[in-house]
Structure formats: C-alpha cells, structure tokens
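Accompanying notes for the structure given below.
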Number of protein chains: 2
Amino acid sequence: MERPLLEDIRDRLDEFTSTEKRAAHALMANYPVQGLGTVAQFAEAAGVSSPTILRFVGRLGFPGFSEFQKKLRNELESQLNSPLARSTTLGEQTSGDPHVSQLLENVRETFEHLPKGELDGLIRLLSDEKKTVHLIGGRFTDGLARYTAAHLRIVRSGVNHIAGQQGNWLDQLLGIGPKDVVLVFDIRRYQTEIIQFAEAAGKQGATVALVTDSWMSPVGRIASFVLPARVAVPSPWDSSLSLMAIAEVLIAGVTRQNQQNAQERMRALEALRNEIDPSTEGRLGGPDI
Amino acid sequence: MERPLLEDIRDRLDEFTSTEKRAAHALMANYPVQGLGTVAQFAEAAGVSSPTILRFVGRLGFPGFSEFQKKLRNELESQLNSPLARSTTLGEQTSGDPHVSQLLENVRETFEHLPKGELDGLIRLLSDEKKTVHLIGGRFTDGLARYTAAHLRIVRSGVNHIAGQQGNWLDQLLGIGPKDVVLVFDIRRYQTEIIQFAEAAGKQGATVALVTDSWMSPVGRIASFVLPARVAVPSPWDSSLSLMAIAEVLIAGVTRQNQQNAQERMRALEALRNEIDPSTEGRLGGPDI
DNA sequence: AGCACTTTGTAATGTTTATTACAGGATTGC
DNA sequence: GCAATCCTGTAATAAACATTACAAAGTGCT
C-alpha cells in the first residue's frame, strides 16, 4: 500500500516471463492508466492474451484484477490530491499563463537537481555564528543578496551585505579571511567585479558559496558550495525566481538551525523597535521584527 | 475530447437534478479517480443509487458508463504524460522538501487568484513611457523593488527606485504628481513609512499600485492596482517568492509591450557598456546588457 | 532425441456489472 | 387540492467481464 507499484514492477522485472514483461512495459509506458481499463484492453495494448495479464497481476501479488485496479486507483488518488500534483496536473484549468508554468517548473527542477548535501552543508555553514557572512550580488541579483541579508541579520549576528561602489568593496576585502563566508549570487553576464571579489576572498581563505544559473559562473571554480538554479523563461530575460527560492530555503534552514538564538534576537529586536517607534507596538504579524 | 470534463461539469452544475449534483460533487471531490471504479462504488460514494450515476453520465453526453470512463482515462493519460506532470506526480518519489512544495503551491495559487485585469492593466501602465515609475519596498521587499527597477530601467526610461533614508524620500515626494506611478512592494508588518509615502503620492495624484500579501496592506485602500500574493510557508518567515514571481511577470509583460523600445535601449546600453569597459565585449549571454 | 516443465493462448464458465423497465414518491402548476 | 410531470430507487435483465480449465507450443535438461 505504501510502496509505489511502479517501483515494485521495475525492480522485479526479471521475475516475469517474456510475455508478462510485455504487459509490464505496456503498463509502465502508460502508467497507471493502462491498468484502469478492462483486462482485454490491457491485453491488446500489450499484445498478449488476457490470461497473461491475469498472471502478471497475480505475480505482483494481487488475488485478482479488481484488487490490482483498486491499488492503482488508491495510488492515483493520493498522488493527485497532494497540493503539488493538484497544481500541475488536472484540477484547475491547467492554470493559465505559460510564463507562470515555466516559473514553477524552473523552481521544481532546480530543487530536483540540487545536491541535497550542498544545501544542507551551506545551511550549516551559514548557521555558524563564529563565522561572518558576507553577501554580494550582481546587477540583478543584488536585490536577492539584500533580501537574504535582511533575513539572516535577524536570526544571527555577523551578517554583512556588500553594496555600493566597487571602491568600497576593497576596504571590506581587507578584513576577510578563514573566519568568513562569502555568499555570492550571480547569473550570466557574470560581472567581472563580482568574480574578482569572490576570487580574492577565496584566496584569503574565506569559504565561498555560490548561487548561480545552470551555466555556472566562473566563481564556481573556487566555490566550496555551488547551488545552480534554472533561469530560462519565455522572455528575453532570465528568471531569478529559482535563485530566490534557494535563498528562502537557506533562510528557513538557518532559522531552524539557530532556533533559540533566532528567537532571542527577534525578541530583543522587537523590544528595541518598540522603544524607538512605539506606534508599531502590538501589531499583529509574524516574526518580521 | 478537448475540453476538460471537470470544467464542463462545473459549468453545467445547474442542469443536474439534486441527486445528480451529489454525484457530480463526489466526482469533483475525487476527480477523476471516483469515476474509474464501478458504477456501484461511485453510487455508494455519492450516496445515491446506481441509476442516478448512469443518468448523470448520460446527461453529460455519454451514451454509456464505459464511454465516460474512456474519456476520463484519456484525459488522465494526456495529462500524466505532459513532462511537467510526469515529474511531479507518479514515477519518482514525489520528490522533495515540503517547504519547496509549499513555495510552488504559493506561486501557483497566487496567479490563480490574481485578477487578470489587474495584471494586464498594471503592465500597460508600467509600459507607458510618458509616466515616471517609482518603486519602493519595505525592509524585506526593498530587494524586490530593486530587482524590478533594475530590469525596468533597461526596457524603459523614467524608472526610479526610492531607497535610503526616509529623509531622502521626502525630496522625491515633492516631484510626484499625476504623471507618476508608484509601485509599492509591501508585506505585513507594513512599515508606516511606506504607507505614508504611498498615501502622500496618491494624494498628489500619482497612480499607486501595490504588490502585497493576502492580508492587504493599508496601502490597498488608496491603490488603483492591488496584486495580492500567497506568502505562507512552514517557517517563522513569510515567503516573498510569489511577490517576486509577480514582479517577473510584470517585467516580462512590460518588455513584451515595449519590445521595439526595449531592444533599442538594450543595444544602446550595450554599446555604452562596451565603450566604458571593453573587457566584457562579445560575451555570450542574454539581453542582460 | 525424448521427457519434464514452463509458458502461452483458446475457449468455456460463472460472476460481476452496466443497463433498463417500472413504480412509488416528490414537486410543480393550475 | 388535484393532476401532471419529474425524480429517484428497486429489482430484473442482459451484456460484458474476469477468471479458470485445458491443450498446444516452446524450452531446457539429461
């Protein structure tokens, strides 16, 4: 009931006889719809006879064809009712704008192909309050660096957004060393300044992490953590939405990791804020201090 | 064959008798799985008798129950075989982080409930080069305002991001009038400064547009365009991802609207850029000047 | 090569299932 | 308040169906 039938069939392909395999392939090719019709339809699609279908489902462990169908329907039901599936398959009018669909697909694919270890490792790194975190972004991604910094600043100390003129960066580079983490947001048309900054920081011993597009910024060569995101959309622009999704997952991860610290900081900031501007006191709302 | 059956049922709900409606609801609640079993199962789930189910499918235009099922299976098949659906539903293990699922769901829901007119109207407004566009955001959403401004600046003239100290804002407020558009990004813990700015701009005759969370910022009262986004995630934070998705759709829309202008500007900027920093010339890449 | 065993399809069978005829009950209109 | 019409379920029916028994074809082993 729990294990997806499709996997089971894949794993046990060898146990089937040759005609049963044809049945299995027909089912997998059009899973699970092929199994929801009649035995005869299934048999014809697979190019075998009805009894072979029956033997096939029998070998899968079902006492009869109807039990097999019940299993398929139950699987379908639970999977179609998950919020994610509901969004992408039937349900609503395959919601609208192709641009939006593409955005969703990008985010999904991004996380599908994101090495889980990279994400967790980076979260752990960013959660380490003994390190100072510097964030930097390019022309378009600077906004993301700011956004991430604004959140991180609340859950931990030692967060620095590198902004403004290139001249200013150099000052900040001086202090960077092995106790620092540089989180770079960069998409193509990789700006030379960003690359230079990251490389210099890396040479001085800082850990470099990179959130980038799939083409891989040159920064990737020296980065310890590389998180690539899908950016293609039907527009002359690239989409940075997936980058932001990564940023939000990072923020959520660090918040979870530093839960108690974060809460204390939030409370302290809240108090501070009320002291300075009592007009906002008592407002409803999240932890958005 | 083309029109989704689910929509058809929704639209024609009034044509059904009361018990047929129960059948319709049972089917919609578990679409399309409920229709893939036997008539008796369907009838029991709907709390009606078998003939009612038959009359229901008859009224939908099917000569018999099996034709009805065939239609359901065909729909399922084509929808499950779309690349997007294939990846998200069955097959793989419904990959992933619940946080990511929630993000996707937020974006999808945001656009589902976004009044299409608001979006198009705002795009048209932002495409009007006779207007000056001012962007402003709160603590967390300022990054989005910047991001949007960075893109808009390339496809049109007269784009201004309002940043920095509150004192500076006042100067800029002075010049704002009926020829200006103020695009505000704001989520809860709505900052009083932002509200004040927007209200003042509105009083001086500027058109105010607002991208906000579902709770509706107080700015909404005076805004001509309000685009609400879903922000809830399993984290103490709200997610601004849907806001960014809206921003990207706006950017893409304005770019499409001002295509020729945008291309000219891009070329001009490219030339300018090469003049100043020839090292980046000839790089591969998008229109990211 | 011949025997045993497995695999596969044909055809018959008994069950399930969709379908239909009909009657009781509700609802509407006059 | 009565009649006509429309709903709805019960029960009978006929068709479709899964299932099984069996025989033929194929495969491997000695």
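We use all heavy atoms of the structure for the numbers below, so side chains are in, but hydrogens, waters and symmetry mates are not. Here is the naming used below: chain letters follow the sequence lines, and residue numbers restart at 1 for every chain.
One atom, CG of A:L54, and another, C1' of C:dA11, lie 14 Å apart when rounded to the nearest Å. The interatomic distance linking A:E67 (CD) with D:dA18 (C1') rounds to 11 Å, in whole Å. Atom-to-atom, CD1 of A:I53 to P of C:dT7 comes out at 16 Å; the value is rounded to the nearest Å. Nucleotide C:dT16 holds its P atom 22 Å from the CZ atom of B:F42, rounded to whole Å. If you take CZ of B:F56 and P of D:dT8, they are 13 Å apart, rounded to a whole angstrom. We find that CG of A:L36 is positioned 15 Å from P of D:dC17, with the value rounded to whole Å. In this structure, B:F16 atom CZ and D:dC6 atom P are separated by 18 Å, rounded to whole Å. Rounded to whole Å, the distance from CD on A:Q69 to C1' on C:dT16 is 12 Å.
In terms of position on DNA chain D, the residue among B:T17 and A:P51 whose nearest nucleotide sits closer to the 5' end is B:T17. The residue among B:V48 and A:V57 whose nearest nucleotide of DNA chain D lies closer to the 5′ end is B:V48.
Remark: A:T19 is in phosphate contact with C:dT8, judged by side-chain N or O atoms under 4.0 Å from OP1 or OP2. For C:dG9, one of the phosphate oxygens OP1 or OP2 lies less than 4.0 angstrom from a side-chain nitrogen or oxygen of A:T52. Contact between the side-chain N/O atoms of B:S18 and the OP1/OP2 oxygens of D:dT8 is found at a separation under 4.0 Å. Checking the phosphate oxygens (OP1, OP2) of C:dT16, no side-chain nitrogen or oxygen of B:T38 falls inside 4.0 Å. The shortest distance between the side-chain N/O atoms of B:S49 and the OP1/OP2 oxygens of D:dT8 is not below 4.0 Å.
Comparing atom distances between the A:S50 side chain and each of D:dT20, C:dT19, D:dT19 picks out D:dT19 as nearest. Comparing D:dG9, C:dT10, D:dT19 by their closest approach to the side chain of A:F65 singles out D:dT19. In this structure, the nucleotide among D:dC7, C:dG9, C:dA18 sitting nearest to the side chain of A:R55 is C:dG9.
Rounded to the nearest 0.5 Å, atoms CD (A:E44) and CZ (A:F42) are 13.0 Å apart.
Taking the six-membered ring where the residue is Trp, B:F56 and B:F68 present perpendicular rings, their angle passing 60° and hence far from 30°.
In this structure, the side chain of A:E248 engages the main chain of B:S240 through a donor-acceptor pair within 3.5 Å. Side-chain atoms of A:E7 do not come within 3.5 Å of backbone N or O of A:P4 as any donor-acceptor pair.
Just one residue in the list B:T212, B:D213, B:D238 forms a side-chain hydrogen bond (donor to acceptor under 3.5 Å, both in side chains) with B:R188, and that residue is B:D238.
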